[in-house]
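Have a look at the structure below, then the notes.
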Amino acid sequence: MKGANSINIEGGQLPFSFGMAALTKFCEAHGLSLSEFSSIGENMPPRYILSLVWHGLQDGARKERKDFSMTLDDIGDLIDENPAMLQEAMDMIATGRIVTGK
């Protein structure tokens with residue numbers, strides 16, 4: 001199994017992975033089909049944005065066999081502290097671009 005990518009946060013990095021496992025869990029959590037997910041685009045509710053990042057961080061921790069106990073509020077706080085983190089995560093989700101900082 002391929003390891004997770006890293007996403008930069010204030011004071012370090014966290015493992016991040018948004019592959020099929022994370023996508024499946026996100027869609028199931030929000031009752032979305034793959035085609036509905038594909039059409040969300042710029043009309044995405046803020047809660048979905050936090051959830052996308054949460055699922056990517058949760059799956060990154062799973063791949064790296066690390067504990068993960070963050071909440072959606074924790075993700076919001078991380079983004080407030082480091083807005084560039086959101087763009088980095090969304091770029092990885094949208095393009096599948098691998099960002100490594102290991």
Point-to-point distance, once rounded to the nearest 0.5 Å, from [atom1] of [X] to [atom2] of [Y]:
X   : Y   : atom1 : atom2 : result
M70 : L57 : CE    : CG    : 6.0 Å
I49 : I79 : CD1   : CD1   : 8.0 Å
F37 : M44 : CZ    : CE    : 6.0 Å
I93 : E88 : CD1   : CD    : 11.0 Å
E36 : H30 : CD    : NE2   : 12.5 Å
L86 : L50 : CG    : CG    : 8.5 Å

* To do: Could you pull out the closest heavy-atom pair between I7 and A89, with the gap in Å?
  => CD1-CB, 3.3 Å

* Exercise: identify the closest heavy-atom pair between A4 and E64 ->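 In this case the closest contact between A4 and E64 is N-OE2, 2.8 Å.
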
* To do: Go through L78 and L14 one step at a time and tell me if the side chain to side chain contact (heavy atoms under 4.5 Å, CB included) criterion holds.
  => CA-CA 11 Å; L78 279 176; L14 291 173; 4.1 Å; yes

* Sub-4.5 Å side-chain heavy-atom contact between D91 and Q87 -> yes

* D77 side chain to D74 main-chain N or O, any donor-acceptor pair under 3.5 Å? -> no

* Apply the test side chain to side chain contact (heavy atoms under 4.5 Å, CB included) to residues D59 and F68: give CA-CA distance (whole Å), side-chain angles for both, the deciding distance (0.1 Å), then the verdict. => CA-CA 9 Å; D59 201 52; F68 184 80; over 6 Å; no

* Test Y48 against N43 for side chain to side chain contact (heavy atoms under 4.5 Å, CB included), laying out the working first. => CA-CA 10 Å; Y48 281 16; N43 294 321; over 6 Å; no

